[in-house]
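See below for the structure under consideration.
Since the model is a prediction, treat every value here as computed from it, not as a measurement. Positions are given from 1 along the sequence.
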Amino acid sequence: MTITVRLKFFASLREKLGEGEVLPLPDGSTAADARAALRARGGAHAEALATGRAVRSALNQKMCAESAVLADGDELAFFPPVTGG
């Protein structure tokens with residue numbers, strides 16, 4: 001079974017990847033699986049979401065771990081760490 005997840009990108013990720021998109025994934029996929037699927041596209045996705053690059057995730061507007069399991073219709077957002085001053 002396939003699920004569809006709505007992706008949103010913020011800050012510098014939005015500048016590189018656009019506002020967002022829809023991503024089909026196998027049922028039982030995690031936030032880490034979504035990031036890996038995007039990296040596998042190569043190009044800007046691979047660079048912006050590279051392993052080791054600091055990227056935070058939010059599932060349905062709540063911070064989440066990469067191990068968070070996604071469900072059909074979820075919203076998954078990616079953004080760089082934010083600093084304030």
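Across all their heavy atoms, Pro81 and Ala54 have their closest contact at CD-O, 3.3 Å. Taking all atoms of both residues into account, the shortest heavy-atom contact from Leu59 to Ala68 is CD2-CB, 4.1 Å. Closest non-hydrogen pair, Pro80 versus Phe10, comes out as CD-O, 3.5 Å. The shortest heavy-atom contact between Lys16 and Ala48 is CD-CB, 4.1 Å. Ser67 and Thr30 get closest at one heavy-atom pair: O-CG2, 3.6 Å.
Checked options Thr4, Leu25, Asp27, Thr2; the residue passing with Asp72 is Thr4 (criterion: side chain to side chain contact (heavy atoms under 4.5 Å, CB included)).
When hydrophobic clusters are built by joining Ile, Leu, Val, Met, Phe, Trp and Tyr residues whose side-chain heavy atoms come closer than 4.5 Å, directly or via intermediates, Leu23 is grouped together with Leu70. By the criterion of side-chain heavy atoms lying less than 4.5 angstrom apart, applied directly or through intervening Ile, Leu, Val, Met, Phe, Trp or Tyr residues, Ile3 is grouped together with Leu7 in one hydrophobic cluster.
Within the 4.5 Å cutoff, no side-chain heavy atoms of Val55 are placed close to those of Phe9. Residues Val69 and Ser29 form no side-chain contact, since every pair of their non-hydrogen atoms from C-beta on lies 4.5 Å or further apart. Using a 4.5 Å heavy-atom threshold, the side chains of Arg35 and His45 count as separate.
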Residue pair Glu47, Arg41: steps toward the salt bridge (charged side-chain N to carboxylate O under 4.0 Å, His left out) verdict: CA-CA 10 Å; Glu47 181 183 332; Arg41 293 180 176 175; over 6 Å; no
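Atom CG in Leu38 sits 11.0 Å away from atom CG in Asp33 (nearest 0.5 Å). Distance CG/Asn60 to CG/Asp74: 4.0 Å, rounded to 0.5 Å. Between atom OG of residue Ser12 and atom CZ of residue Phe79 there is a gap of 11.5 Å, rounded to the nearest 0.5 Å.
Other residues, nucleotides and ligands contribute at most 12 non-hydrogen atoms within 6.0 Å of the CZ atom of Arg56.
Salt bridge status for Glu75 with Lys8: present, with a side-chain N to carboxylate O gap under 4.0 Å.
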